[in-house]
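Working notes, structure below.
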Amino acid sequence: MLESAGPVRDAHGHIVGAIATYEDITRLKWLEQMRDEWSSIVAHELRQPLTAIASHAALLARTEEPTQKRRAENISQSAARLNRLIGDLLDTTRIDAKQLELALEPTDLPLLVRGAVERASLGGRGEIVIVGQIPRVLVDPTRIEQVLGNLLSNAVNYGAADTPIRVWVEGTEEGARISVHNRGTRIPAEDIPRLFQRFRRLHKGPVLGVGLGLYVCRGIVEAHGGRIWVESDDAGTTFRFSLPRAEIEAARG
């Protein structure tokens with residue numbers, strides 16, 4: 001049921017009663033469930049042919065003929081983008097159903113961040129700053145690297161070209177905080193509350209994507225017991241997310 005209620009006021013603004021409405025949204029919930037199941041089925045079915053396409057493209061790319069090699073590499077890059085999209089669709093379904101599985105383990109966060117920055121395509125622009133003592137955190141390293149990879153990719157795609165992309169790792173009372181900063185056009189304040197919603201993009205343009213990345217990032221961080229937010233001004237944009245220290249998260253479990 002969808003409930004809505006509000007006061008009834010007289011001509012002088014005094015509350016003289018109240019009115020409430022109740023709407024049966026069973027059908028809407030059923031349609032929502034069907035949509036999520038459909039997305040999951042389609043994503044799973046796409047994985048098998050996509051794997052075959054990527055494998056054959058990798059074989060074709062071994063040729064020494066420049067034109068064929070370039071075409072095969074383009075196929076591989078397109079397959080990789082589609083694979084990421086399928087992954088985001090599956091993760092979105094799991095997050096909505098509260099079924100996102102995490103393989104938690106005590107993790108050296110600075111080491112994880114260094115690895116993620118090295119593997120990201122930053123063109124030598126990445127800078128890492130470690131602030132204070134960083135406690136070990138209880139996280140799924142693969143999932144946290146997924147969050148970092150998405151934030152770093154956004155920094156490259158939407159930030160000013162040829163400017164540093166800085167990543168801070170800080171110790172906090174609750175655990176640790178990671179920040180990814182890039183210079184560039186500020187995000188309007190009215191757009192910030194919508195950034196972490198499904199199918200929302202930072203702005204229109206040539207950057208590929210359907211607007212699931214930040215939604216998935218929020219779902220992953222919140223599943224770890226942390227939170228994610230963004231700050232943006234004329235100096236650039238900074239995405240931050242927090243993670244609880246290992247002993248705190250273990251106590252909650």
Side-chain angles (χ1 to χ4, degrees), residues 70 73-74 76-78 80-81 83-85 87-88 107-134 137 139 141-172 175-221 226-243:
R70 184 175 64 254
E73 289 173 347
N74 288 338
S76 294
Q77 291 171 4
S78 297
R81 285 198 297 269
N83 192 50
R84 287 194 296 271
L85 174 57
D88 285 345
T107 301
D108 183 329
L109 201 55
L111 184 63
L112 186 152
V113 171
R114 289 190 183 98
V117 171
E118 288 174 1
R119 284 184 284 274
S121 301
L122 303 183
R125 297 162 57 190
E127 298 180 2
I128 301 174
V129 180
I130 309 297
V131 181
Q133 293 293 320
I134 312 300
V137 291
V139 301
T142 301
R143 288 297 190 179
I144 296 303
E145 183 163 344
Q146 180 182 348
V147 173
L148 277 168
N150 190 285
L151 297 182
L152 291 169
S153 177
N154 279 347
V156 172
N157 293 331
Y158 297 103
D162 301 322
T163 59
I165 296 173
R166 294 190 173 92
V167 182
W168 283 276
V169 185
E170 308 170 71
T172 65
R177 179 170 59 237
I178 298 175
S179 305
V180 178
H181 172 81
N182 66 269
R183 299 177 190 172
T185 306
R186 69 189 299 271
I187 301 173
E190 60 271 19
D191 290 343
I192 287 180
R194 298 191 294 270
L195 280 183
F196 297 98
Q197 296 176 3
R198 286 186 297 182
F199 306 113
R200 293 285 183 176
R201 297 184 59 189
L202 296 180
H203 56 69
K204 296 180 180 179
V207 180
L208 298 174
V210 295
L212 288 175
L214 290 177
Y215 179 81
V216 171
C217 286
R218 187 185 71 176
I220 292 173
V221 171
R227 70 183 186 95
I228 186 170
W229 67 99
V230 61
E231 301 166 1
S232 189
D233 54 31
D234 292 335
T237 297
T238 306
F239 282 87
R240 307 185 193 275
F241 65 95
S242 63
L243 296 168

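In this chain, residues are counted from 1 in sequence order.
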(request) For the pair L214 and F239, evaluate side-chain contact (heavy atoms from CB on, under 4.5 Å) and give the outcome as yes or no after the intermediate values. (result) CA-CA 10 Å; L214 290 177; F239 282 87; 4.0 Å; yes

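- Note: R70 CZ to E73 CD = 9.0 Å, rounded to the nearest 0.5 Å.
- Side-chain contact check for R183 versus R166: some heavy-atom pair is nearer than 4.5 Å.
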(message) One pair to check against side-chain contact (heavy atoms from CB on, under 4.5 Å): V113 and V167. What are the steps and the verdict?
(response) CA-CA 8 Å; V113 171; V167 182; 3.7 Å; yes

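- Side chain of T237 to backbone of S232: no donor-acceptor contact under 3.5 angstrom is found.
- Scanning all heavy atoms of the two residues, the minimum distance from Y215 to F196 falls at CD1-O, 3.3 Å.
- Rounded to the nearest 0.5 Å, atoms CD1 (I128) and CD1 (I165) are 12.0 Å apart.
- Between atom CD1 of residue I144 and atom CG of residue L112 there is a gap of 7.5 Å, rounded to the nearest 0.5 Å.
- Crowding of D233 atom CG: a count of heavy atoms from other residues, nucleotides or ligands under 6.0 Å exceeding 12.
- More than 12 heavy-atom neighbours from other residues, nucleotides or ligands sit within 6.0 angstrom of CD on E190.
- The line from CG of L151 to CD1 of I228 is 5.0 Å long, rounded to the nearest 0.5 Å.
- Counting all heavy atoms, side chain and backbone alike, L122 lies closest to G126 at CD1-CA, 3.8 Å.
- Evaluated for a side-chain contact (heavy atoms from CB on, under 4.5 Å) with F241, the options V221, I220, V180, V230 yield exactly one hit, V221.
- V156 places none of its side-chain heavy atoms less than 4.5 Å from the side chain of L152.
- Expressed to the nearest 0.5 Å, how far CG of N182 lies from OG1 of T238 amounts to 7.5 Å.
- Shortest non-hydrogen contact noted between I134 and A176 is CG2-CB, 4.2 Å.
- Side-chain atoms of V147 and I178, non-hydrogen and from C-beta on, never get closer than 4.5 Å to each other.
- The two residues T172 and R177 make their nearest non-hydrogen contact at CG2-NH1, 3.7 Å.
- The backbone N or O of N74 sits less than 3.5 Å from a side-chain atom of S78, completing a donor-acceptor pair.
- Distance check: L109 CG to I130 CD1 gives 8.0 Å after rounding to the nearest 0.5 Å.
- Side-chain contact between R198 and D88 is absent, with no heavy atoms from C-beta onward closer than 4.5 Å.
- Side-chain atoms of R240 and S179 include a donor-acceptor pair closer than 3.5 Å.
- Looking at R125, its side chain never comes within 3.5 Å of a backbone N or O of S121 through a donor-acceptor pair.
- Listed by chain and number, the residues in a side-chain contact (heavy atoms from CB on, under 4.5 Å) with P193 amount to none (sequence neighbours excluded).
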